[in-house]
**Q** 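Below: one structure in structure tokens.
Bear in mind the structure is a predicted one, so any value in this text is a computation, not a measurement.
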Number of protein chains: 2
Amino acid sequence: MPATDRISQSLTRHGLRQTTVRRAVLQVLAESPYALSGGEIEQQLPPNTDRITLYRTLKSFEDSGLIHRVIDTTDVVRYAACSIECSADAHFDNHVHFKCTNCLHIYCLNQVTIPAVTLPAKFEAVTRDYLLGGVCRECQPA
Amino acid sequence: MPATDRISQSLTRHGLRQTTVRRAVLQVLAESPYALSGGEIEQQLPPNTDRITLYRTLKSFEDSGLIHRVIDTTDVVRYAACSIECSADAHFDNHVHFKCTNCLHIYCLNQVTIPAVTLPAKFEAVTRDYLLGGVCRECQPA
DNA sequence: TGTGAAACGCAATTTAGTTGCATTTAAAAA
DNA sequence: TTTTTAAATGCAACTAAATTGCGTTTCACA
Ligand SMILES: [Mn+2]
Ligand SMILES: [Mn+2]
Ligand SMILES: [Zn+2]
Ligand SMILES: [Zn+2]
């Protein structure tokens with residue numbers, strides 16, 4: 001199945017209408033090996049793509065479980081494509097993220113599950129975000 | 001020992017000069033039960049305190065190990081006072097943070113240490129950030 | 001008390017993201 | 001296939017957060 005068909009199917013499966021911007025944004029995120037900010041996504045879209053539409057697209061993607069926010073230590077919000085089983089009702093991105101201090105990319109470590117912790121009385125956790133900092137595979141000295 | 005003396009000593013201990021803004025900012029953060037953004041700190045400072053000076057103060061505090069960034073899922077940066085043993089050379093804030101979905105405050109759970117994870121080959125972690133989401137102690141239904 | 005580096009404070013600028021509203025369009029109905 | 005309409009778009013204007021440059025002030029040490 002061609003990549004463009006998969007993109008279209010993702011939109012349909014999550015109850016979103018097909019539009020040019022949506023397909024483009026989803027493709028950029030699906031193909032990126034690391035999380036992207038709004039500005040970085042914009043750079044990878046066709047020129048003159050409207051920035052407001054992009055941000056509204058990111059919001060609807062997040063709401064419908066197509067992408068997830070990736071926490072960062074800076075003041076920009078980053079996004080990555082969700083695993084297939086996420087939906088509008090619930091996100092299942094319980095994996096660790098890794099930010100490289102050298103290349104600054106943030107990777108989804110989909111195979112590393114966030115470990116649970118024991119909380120003080122009366123704190124009830126529902127979501128977990130875990131971000132590691134260090135040197136990524138690509139940036140390791142030889 | 002009065003609180004103001006402790007504030008002054010902290011600055012000295014971390015090699016920072018005594019200034020009105022610095023003492024004020026450090027006091028606000030030291031007394032806050034939850035992490036604060038730049039804007040929130042500004043509100044708690046004397047009127048007409050210069051915003052640029054505030055941001056430069058936060059930067060120097062972070063660099064010298066007086067405060068640490070608290071990751072959030074939004075596009076604002078938050079800060080909290082560090083534990084006493086942090087310095088310019090190294091931060092030792094290896095505790096979990098908790099963001100309440102009701103009051104939106106982010107608490108340092110200083111007694112809960114971030115659990116380690118096993119990483120894929122060639123990823124080397126140095127820092128860890130762990131943010132829980134849920135309902136905090138104050139906001140629990142009776 | 002004098003000196004110099006550090007910190008301040010103002011103006012201007014940048015960057016990220018938002019709001020309101022008129023126009024266009026995808027998708028379902030006729 | 002055409003019609004219909006709610007959803008999505010695109011423009012202008014705006015807000016909020018943070019930064020840069022630069023002349024002035026002040027802290028810390030001699
Ligand atoms: Mn991820
Ligand atoms: Mn903390
Ligand atoms: Zn790297
Ligand atoms: Zn709460």
**Q** Which distance, rounded to the nearest 0.5 Å, do you find between the CD1 of B:I41 and the OH of B:Y55?
**A**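 One gets 8.5 Å once the value is rounded to the nearest 0.5 Å.
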**Q** Between B:H97 and B:H105 (judged by ring centroids, cut-off 6.0 Å), do the two rings come close enough to count as a pair?
**A**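 Ring-ring flag for B:H97/B:H105: false, centres at least 6.0 Å apart.
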**Q** Treating Ile, Leu, Val, Met, Phe, Trp and Tyr as nodes and any side-chain heavy-atom pair under 4.5 angstrom as an edge, say whether A:I71 and B:Y34 lie in one connected cluster.
**A**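 Each belongs to a different hydrophobic cluster.
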**Q** Just N and O in the side chain of A:Y55: are any of them under 4.0 Å from OP1 or OP2 of C:dG17?
**A**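 The answer is yes; a side-chain N or O of A:Y55 sits under 4.0 Å from OP1 or OP2.
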**Q** At 4.0 Å (heavy atoms only), tell me whether B:R22 reaches a base, stays on the sugar-phosphate, or touches nothing.
**A**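 Counting heavy atoms under 4.0 Å across all strands, the contact made by B:R22 is with sugar-phosphate only.
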**Q** Compute the centroid of each ring, for A:Y107 and then for A:F98, and state whether the two points are separated by less than 6.0 Å.
**A**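 Ring centroids of A:Y107 and A:F98 are no less than 6.0 Å from each other.
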**Q** Pick the nucleotide of DNA chain D nearest each of B:R51 and B:R23; which residue has the one closer to the 5' end?
**A**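 Whichever sits nearer the 5' end wins; that is B:R51.
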**Q** Whole Å only: how far is the CG atom of B:D72 from the C1' atom of D:dA17?
**A**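 So the two atoms are 14 Å apart, to the nearest Å.
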**Q** Would you kindly give the CD1-to-P distance between B:I41 and D:dA16, to the nearest whole Å?
**A**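 These atoms are roughly 18 Å apart.
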**Q** CG of B:L54 versus C1' of C:dA7: gap in Å, rounded?
**A**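 B:L54 atom CG is separated from C:dA7 atom C1' by 14 Å.
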**Q** Let me spell it out: for each of A:T49 and A:R17, pick the nucleotide of DNA chain D with the closest heavy atom. Which residue's pick is nearer the 5' end?
**A**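 Nearer the 5' end of the strand: A:R17.
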**Q** So which pairs with a foot in residues 15-27 of chain A pass side-chain hydrogen bond (donor to acceptor under 3.5 Å, both in side chains), sequence neighbours left out?
**A**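 Output for this query lists A:S8-A:Q18, A:T12-A:Q18, A:Q18-A:R23, A:Q27-A:E31.
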**Q** Is B:T49 reaching over with its side chain to a backbone N or O of B:P46, donor-acceptor style, under 3.5 angstrom?
**A**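 Checked: pair present.
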**Q** How would you label the contact of B:D50 with the nucleic acid (heavy atoms, under 4.0 Å): base, sugar-phosphate, or nothing?
**A**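 Counting heavy atoms under 4.0 Å across all strands, the contact made by B:D50 includes a base.
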**Q** When you check the gap from the basic side-chain N to the acidic O, do A:E40 and A:R78 get nearer than 4.0 Å?
**A**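 Here A:E40 pairs with A:R78 in a salt bridge, since their nearest N and O are under 4.0 Å apart.
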**Q** Taking atom P of C:dC21 as reference, at what distance in whole Å does atom CD1 of A:I52 sit?
**A**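 Interatomic distance, CD1 of A:I52 to P of C:dC21: 15 Å.
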**Q** Taking CG from B:L45 and P from C:dC8, how many angstroms apart are they, rounded to a whole number?
**A**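 From B:L45 CG to C:dC8 P: 12 Å.
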**Q** Find which nucleotide of DNA chain C each of B:T57 and B:D75 is nearest to by heavy atoms, and output the residue with the more 5' nucleotide.
**A**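 The 5'-side residue here is B:T57.
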**Q** Which listed nucleotide (D:dA8, C:dG17, C:dT18) is nearest to the side chain of A:L16?
**A**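 The nucleotide sitting nearest to the side chain is D:dA8.
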**Q** Does a side-chain N or O from A:T53 land closer than 4.0 Å to OP1 or OP2 of D:dG10, or not?
**A**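 For D:dG10, OP1/OP2 do have a side-chain N/O of A:T53 under 4.0 Å.
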**Q** Axis-to-axis angle across the helix from C:dT1-D:dA30 to C:dA30-D:dT1, five pairs an end, to 10 degrees?
**A**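 That helix has its two terminal axes inclined by roughly 40°.
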**Q** Students often get this wrong, so: under 4.0 angstrom with heavy atoms, is B:R56 touching a base, only sugar-phosphate, or nothing?
**A**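 Counting heavy atoms under 4.0 Å across all strands, the contact made by B:R56 includes a base.
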**Q** Taking CZ from B:F61 and C1' from C:dA6, how many angstroms apart are they, rounded to a whole number?
**A**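 Nearest whole value for this atom pair: 14 Å.
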**Q** Tell me the interatomic distance from A:H14, atom NE2, to C:dA26, atom C1', rounded to whole angstroms.
**A**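 In whole Å, C:dA26 C1' lies 19 Å from A:H14 NE2.
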**Q** At what distance, to the nearest 0.5 angstrom, does CG of B:L66 lie from OG of B:S10?
**A**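 Atom-to-atom, B:L66:CG and B:S10:OG are 6.0 Å apart.
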**Q** What contact category does A:T19 fall into here, base, sugar-phosphate, or nothing, at under 4.0 angstrom with non-hydrogen atoms?
**A**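 It contacts sugar-phosphate atoms only.
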**Q** For the pair made of CG in B:D63 and C1' in C:dA7, what is the distance, rounded to whole Å?
**A**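 It is 14 Å, rounded to the nearest whole Å.
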